[in-house]
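Whatever order the structure lists them in is the order used to number ligands and atoms, beginning at 1.
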Amino acid sequence: MEDLLGRAKYLLAEARSICVLTGAGVSAESGLATFRDSGGLWEQHRVQDVATPEAFERDPALVWRFYNARRRSGFSAEPNPAHLALARLEKSKKVTILTQNVDGLHSKAGSRHVLELHGSLRRVRCTSCGRKTEDDPVELPILPRCAACRGLLRPDIVWFGEMLDPAVVSAAAEALARCGLFMVVGTSAQVHPAASFAFEAVERGIPVIEVNKEPTPLSRLAAVSLLGKAGELLPKLAG
Ligand code: BV8
Ligand code: ZN
């Protein structure tokens, strides 16, 4: 492991511009549940019941109860040493974070260039007029209504089967095109198109450092795959 850490440190020292793709594992040590691990969110809820547009059409109250609970835990969570190490990296490197997380913890830790690929728990969007708002109370009434037009509000989150915001995707593609190192932290690398950015980096010959508690489909393609907790490894790697 020391050798691998040394190799990762070398790759990091060499790079001026870095992209970091993060997933639920980076927030696990902040006390937030991941999705696909044992005890994760998808063990307690079926994806089709809470994270698709069809689920929201069928039973918006069920979906809102799920997201009110996520808002409760997400709003009170604090960044952990992994988020803080990534934020500190910005002092010496150009860092763009591509996160699949909707918890806002990278920004809370001080990272300034964060692309939220799957939206944000803090924002809601009107299903009638499209108006977006944030900083509502933590728990929204069921069912929450738009202040402008009384339309039904939904979480401003990208559900399965929905398109990612094209502006966010193109900003991520630009960051990927100019980076000299791609890091992947705490994601099972199974959800696309988010995971595709990491595979695209491999195809372009950009070195990839992966940090994860367990191997993923990306591990054998990465230049260095570090197995362990993000909150322990990232401070060692990034200083
Ligand atoms: C779309 C929001 C176009 C909810 C989420 C190509 C191939 C195959 C399938 C597809 C494909 N392209 C599209 C698809 C379909 C689908 C998809 O990817 N399906 C997969 C699962 C088969 N994708 C889509 O639908 C996307 N849209 O493609 O649009 C389109 C549109 C219409 C018609 C056709 C095409 C939209 C995807 C958005 C999904 N939204 N959720 C919410 O958050 O409330 S996904 C959900 O998964 C979360 O957002 C989460 O961020 C994301 C990824 O999960 P991870 O973050 O990786 O979490 P996971 O639990 O899996 O893993 C945690 C990891 O951390 C583990 O590896 C664990 O070992 C590690 N870990 C744990 N603790 C630690 C740790 N590591 C380090 N330290 C620790 N302490
Ligand atoms: Zn409205």
> Considering all protein heavy atoms, does one lie under 4.0 Å from atom 15 (C) of ligand 1?
Replying inline: no

> Is a side-chain N or O of K108 found less than 3.5 angstrom from the main chain of A77, in a donor-acceptor match?
Replying inline: yes

> Looking at ligand 1, does G161 have a heavy atom less than 4.0 Å from it?
Replying inline: yes

>> So, taking the atom named CH2 in W64 and the one named CG in L153, what distance separates them when rounded to the nearest 0.5 Å?
In response: 6.5 Å

> Would atom 32 (C) of ligand 1 count as contacted, meaning some protein heavy atom under 4.0 Å?
Replying inline: yes

> Picking from N80, D103, T99, what satisfies side chain to side chain donor-acceptor pair (under 3.5 Å) with S27?
Replying inline: D103

>> Looking only at protein heavy atoms, which one is nearest to atom 6 (C) of ligand 1, and what is the separation?
In response: H192 CB, 3.6 Å

> Taking the six-membered ring for Trp, are F66 and W42 parallel (under 30°), tilted (30 to 60°) or perpendicular (over 60°)?
Replying inline: parallel

>> Quick check: closest heavy atoms across T187 and G23, and the distance to 0.1 Å?
In response: CB-CA, 3.9 Å

>> Whether the side chain of S30 engages the backbone of E78 through a donor-acceptor N/O pair (distance < 3.5 Å, no angle test) should be reported.
In response: yes

>> Polar contacts were defined as any N/O atom of the residue lying under 3.5 Å from an N/O atom of the ligand; does this apply to G23 and ligand 1?
In response: no

> Is any N or O atom of P193, backbone or side chain, closer than 3.5 Å to an N or O atom of ligand 1?
Replying inline: no

>> Heavy atoms only: which of E210, E162, M163 lies closest to atom 1 (C) of ligand 1?
In response: E162

> Is K213 touching ligand 1 with its side chain, its backbone, both, or neither, if touching means heavy atoms under 4.0 Å apart?
Replying inline: both

> What atoms of ligand 1 come closer than 4.0 angstrom to any heavy atom of W159?
Replying inline: 36 (C)

> In Å, rounded to the nearest 0.5 Å, how long is the span from NZ of K93 to CG of L181?
Replying inline: 8.5 Å

>> How close do G151 and S128 get, counting heavy atoms only, and between which atoms?
In response: CA-OG, 3.6 Å

> Please state which protein non-hydrogen atom is closest to atom 45 (S) of ligand 1 and give its distance, to 0.1 Å?
Replying inline: F160 CZ, 3.4 Å

> Does P155 have a heavy atom less than 4.0 Å from any atom of ligand 1?
Replying inline: no

> Looking only at protein heavy atoms, which one is nearest to atom 80 (N) of ligand 1, and how far off is it?
Replying inline: E29 OE2, 2.7 Å

>> With heavy-atom distances below 4.0 Å as the criterion, list the atoms of ligand 1 near G228.
In response: 77 (C), 78 (N)

> Of H106, Q100, H83, which is the lone residue that meets side chain to side chain donor-acceptor pair (under 3.5 Å) with T22?
Replying inline: H106

> What protein heavy atom is closest to atom 54 (O) of ligand 1, reported as residue, atom name and distance in Å?
Replying inline: R36 NH1, 2.9 Å

> Who's closest to atom 43 (O) of ligand 1 heavy-atom-wise, of Q100, H118, Q190, R70?
Replying inline: R70

>> With nothing but distance in play, are any N or O atoms of A28 less than 3.5 Å from an N or O of ligand 1?
In response: no

>> Closer than 2.8 Å to the Zn ion (ligand 2), what protein N/O/S atoms do you find?
In response: C126 SG, C129 SG, C146 SG, C149 SG

>> Between K229 and E29, does any NZ, NE, NH1 or NH2 come within less than 4.0 Å of an OD or OE carboxylate oxygen?
In response: no

> Is E139 salt-bridged to R71, cutoff N-O under 4.0 Å?
Replying inline: no

>> Looking at every heavy atom in both L12 and A238, which two are closest together, and how far apart are they?
In response: CD2-CA, 4.0 Å

>> Do V26 and F35 land in one hydrophobic cluster if side-chain heavy atoms of ILVMFWY residues count as linked below 4.5 Å?
In response: no

> Shortest non-hydrogen contact from A201 to V208?
Replying inline: CB-CG2, 4.0 Å

> Quick one: which ligand 1 atoms are inside 4.0 Å of a heavy atom on G186?
Replying inline: 63 (C), 64 (C), 65 (O), 76 (N)

> Just heavy atoms, cut-off under 4.0 Å: does I157 contact ligand 1 by side chain, backbone, both, or neither?
Replying inline: side chain

>> Just checking F75: does its CZ atom have more than 12 heavy atoms from other residues, nucleotides or ligands closer to it than 6.0 angstrom?
In response: yes

> Tell me: protein heavy atom nearest atom 70 (C) of ligand 1, and distance?
Replying inline: N212 OD1, 3.2 Å

> How far is atom 77 (C) of ligand 1 from its nearest protein heavy atom, and which residue and atom is that?
Replying inline: A230 N, 3.5 Å

>> Taking atom CD as the centre, does Q44 end up with more than 12 heavy-atom neighbours from other residues, nucleotides or ligands that are less than 6.0 angstrom away?
In response: yes

>> Just to confirm my output: which protein heavy-atom neighbour is closest to atom 72 (C) of ligand 1, and how far is it?
In response: D37 OD2, 3.4 Å

> Are the side chain of E43 and the backbone N or O of G39 linked by a donor-acceptor pair below 3.5 Å?
Replying inline: yes

>> Would Y67 count as a polar contact of ligand 1, with the cut-off being nitrogen or oxygen pairs under 3.5 Å?
In response: yes

> Are any of the N or O atoms of A24 closer than 3.5 Å to those of ligand 1?
Replying inline: yes

> So, E134 and S120: side-chain donor and acceptor under 3.5 Å apart, yes or no?
Replying inline: no

>> Which heavy atom of L115 sits nearest to which heavy atom of A171, and what is that distance?
In response: CD1-C, 3.7 Å

>> Below 3.5 Å, N or O to N or O, backbone or side chain included: is there any such pair between V102 and ligand 1?
In response: no

> Heavy-atom distance from atom 68 (C) of ligand 1 to the protein below 4.0 Å?
Replying inline: yes

> Who's the nearest protein heavy-atom neighbour of atom 75 (C) of ligand 1, and how far?
Replying inline: G25 CA, 3.6 Å

> Hey, does T187 come in under 3.5 Å of ligand 1, counting only N/O atoms on both sides?
Replying inline: yes

>> Geometry only, no angles: is T216 polar-contacting ligand 1 at N/O separations under 3.5 Å?
In response: no

> Backbone or side chain, does any N or O of K229 fall under 3.5 Å from an N or O of ligand 1?
Replying inline: no

> Crowded around R16 CZ? As in, over 12 foreign heavy atoms under 6.0 Å?
Replying inline: no

